[in-house]
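Note that the numbering runs from 1 along the sequence shown for the chain. Fair warning: this is a prediction, and the values are worked out from it, not measured in the lab.
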Amino acid sequence: MHTPSSVDKDNVAVVILAAGKGSRIQEDNGGLPKVLTPLYGQPLISHLLHSIEDSTVKRPPVIVIGYKGDLVREALGSYYTYVVQSEQLGTGHAVRCTRSVLEGQVEHVVVLYGDQPHLPYDVVDRLVAQHVATGNTLTMTTTTVENFEGWCERLRYYSHIVRNAQGELQSVVEYKDATLEQRDIPEVNPGHYCFEAKWLWEHLDLLSNTGNSAGEYYLTDLIGMAVDQGERIGTISIEPLHSLAVNTIEELRLLEQVLKDV
């Protein structure tokens, strides 16, 4: 566990996961990689990149590409570092692909998703600031809803946050693995993380793909490892609207409508 220190924004790298095909939206976006699906005239991922540019993190993001990765490079340009995930083996595997360009280069690694276009820059800044100031091994966002009605119904299918009697994070349970009681927990995981880099690289190699039907390596399994090891874990709360992802054309239209009403 590292000790708290002031934030050196050159010592922080942002990784954006953008390798997915987006099968459920393919028919509606002309066969583009999901992150290039247009939202208000710009690719989904461009909205996120603008937020990162407005944040205090100085290093150009590392973007993990896969399906039609050349199109992503062409659309976004040469400012960014690109890492290819040749096989879609899950989020943990995607982050592991960045090890060759980041290990030993930074002390903290932020992981974001390229299909979440409405994440404000101040969430990135708050995430990093709390992580560094407290000396956390892992800091993550959570969002809490009053109920899973209306557009918030989408968030029911995120993983749910289970806390102990002291309010400490105990586990993060995927919807498909959750009990009926856990599925009603109003605090869910949008999937934004800041890791202590040395711990991250050591523990990515410990991920297993045998416990799920997809045969994938899940980044969320690192949360369980950190809890089991008694590592310092922190959370920051964000608005439900800022956690919306786009997986289908319906979710794209929903986000367009919600943003129009903001």
Side-chain angles (χ1 to χ4, degrees), residues 7-22 25 29-129 131-132 141 190-195 197 200-201 204 219 242-247 252 255:
V7 181
D8 177 358
K9 296 301 168 53
D10 289 320
N11 229 344
V12 179
V14 173
V15 170
I16 301 177
L17 305 187
K21 181 177 181 179
I25 204 170
N29 75 358
L32 292 170
K34 181 167 66 168
V35 297
L36 293 187
T37 302
L39 171 66
Y40 287 128
Q42 293 187 64
L44 292 176
I45 192 172
S46 292
H47 294 272
L48 177 61
L49 290 171
H50 293 325
S51 289
I52 296 169
E53 288 167 13
D54 289 338
S55 78
T56 54
V57 176
K58 301 303 182 189
R59 298 175 65 96
V62 176
I63 302 176
V64 182
I65 57 176
Y67 175 74
K68 293 187 177 179
D70 288 344
L71 291 182
V72 179
R73 288 183 198 256
E74 184 179 332
L76 302 181
S78 59
Y79 174 72
Y80 309 101
T81 298
Y82 297 93
V83 172
V84 177
Q85 183 187 21
S86 54
E87 294 181 272
Q88 306 301 293
L89 297 178
T91 52
H93 176 258
V95 176
R96 191 190 297 169
C97 291
T98 70
R99 183 173 187 167
S100 60
V101 297
L102 288 179
E103 187 172 23
Q105 302 300 309
V106 294
E107 293 183 7
H108 315 287
V109 177
V110 175
V111 180
L112 305 174
Y113 288 85
D115 63 356
Q116 292 181 315
H118 193 47
L119 186 72
Y121 74 89
D122 65 300
V123 169
V124 178
D125 285 342
R126 285 172 53 213
L127 184 67
V128 173
H131 178 79
V132 175
T141 62
H192 317 120
Y193 308 100
C194 187
F195 293 95
L200 174 65
W201 306 131
L204 280 172
L219 198 63
H242 297 154
S243 66
L244 285 178
V246 175
N247 293 296
L252 180 68
L255 195 58

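Smallest separation of non-hydrogen atoms from Ala19 and Gln88: O-OE1, 3.2 Å. Across all non-hydrogen atoms, the minimal contact from Val83 to Thr98 is CG1-N, 4.2 Å. Pairing each heavy atom of Ile65 with each of Arg73, the nearest pair is CD1-NE, 3.6 Å. Heavy-atom minimum distance, Tyr121 versus Ser51: CB-O, 3.0 Å. Nearest heavy-atom pair across Ser55 and Asp125 is CB-OD1, 3.4 Å. Scanning both residues, Pro38 and Leu32, for their nearest heavy atoms gives CD-CD1, 4.5 Å.
Side-chain contact between Leu255 and Pro117: present, with at least one pair of heavy atoms (C-beta onward) separated by less than 4.5 Å. Pro120 has its side chain within reach of His242: a pair of non-hydrogen atoms, C-beta onward, lies under 4.5 Å apart. Between Val101 and Val62, the closest side-chain pair of non-hydrogen atoms falls below 4.5 Å. For the pair His47/His118, no side-chain contact is recorded, criterion being any heavy-atom separation below 4.5 Å from C-beta on.
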Determine, stepwise, if the pair Ile45 / Ile63 fulfils side chain to side chain contact (heavy atoms under 4.5 Å, CB included).
-> CA-CA 10 Å; Ile45 192 172; Ile63 302 176; 4.1 Å; yes
Evaluate side chain to side chain contact (heavy atoms under 4.5 Å, CB included) for His108 paired with His131, printing each intermediate quantity in order.
-> CA-CA 9 Å; His108 315 287; His131 178 79; 3.5 Å; yes
Which is it for Leu204 and Arg99 under the side chain to side chain contact (heavy atoms under 4.5 Å, CB included) test, yes or no, and what are the steps along the way?
-> CA-CA 10 Å; Leu204 280 172; Arg99 183 173 187 167; 5.6 Å; no
Could you please spell out the steps behind the side chain to side chain contact (heavy atoms under 4.5 Å, CB included) verdict for Val124 and Leu112?
-> CA-CA 9 Å; Val124 178; Leu112 305 174; 4.3 Å; yes
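Note that the SG atom of Cys97 and the CD atom of Glu87 stand 9.5 Å from one another [nearest 0.5 Å]. Once rounded to the nearest 0.5 Å, the distance linking CG of Leu49 with OH of Tyr80 reads 4.0 Å. His93 contributes atom NE2, which lies 6.0 Å from atom OG of Ser86 (distance to the nearest 0.5 angstrom). Atom NZ of Lys34 is separated from atom CD1 of Ile25 by 8.0 Å, given to the nearest 0.5 angstrom.
Under a cut-off of 6.0 angstrom, the local environment of OH in Tyr82 is crowded, with over 12 non-hydrogen atoms contributed by other residues, nucleotides or ligands. The local environment of CD in Gln105 is crowded, with over 12 non-hydrogen atoms from other residues, nucleotides or ligands closer than 6.0 Å.
Of the residues Leu48, Ile52, Leu244, the one that meets the side chain to side chain contact (heavy atoms under 4.5 Å, CB included) test with Leu119 is Leu48. No option in Leu200, Val110, Leu102 other than Leu102 meets the side chain to side chain contact (heavy atoms under 4.5 Å, CB included) test with Val15.
Residues passing the side-chain contact (heavy atoms from CB on, under 4.5 Å) test with Ala245, sequence neighbours excluded: Asp115, Gln116, Tyr158, Asn247.
Taking the six-membered ring for Trp and thresholds of 30 and 60 degrees, Phe195 and Tyr193 have ring planes inclined between 30 and 60 degrees apart.
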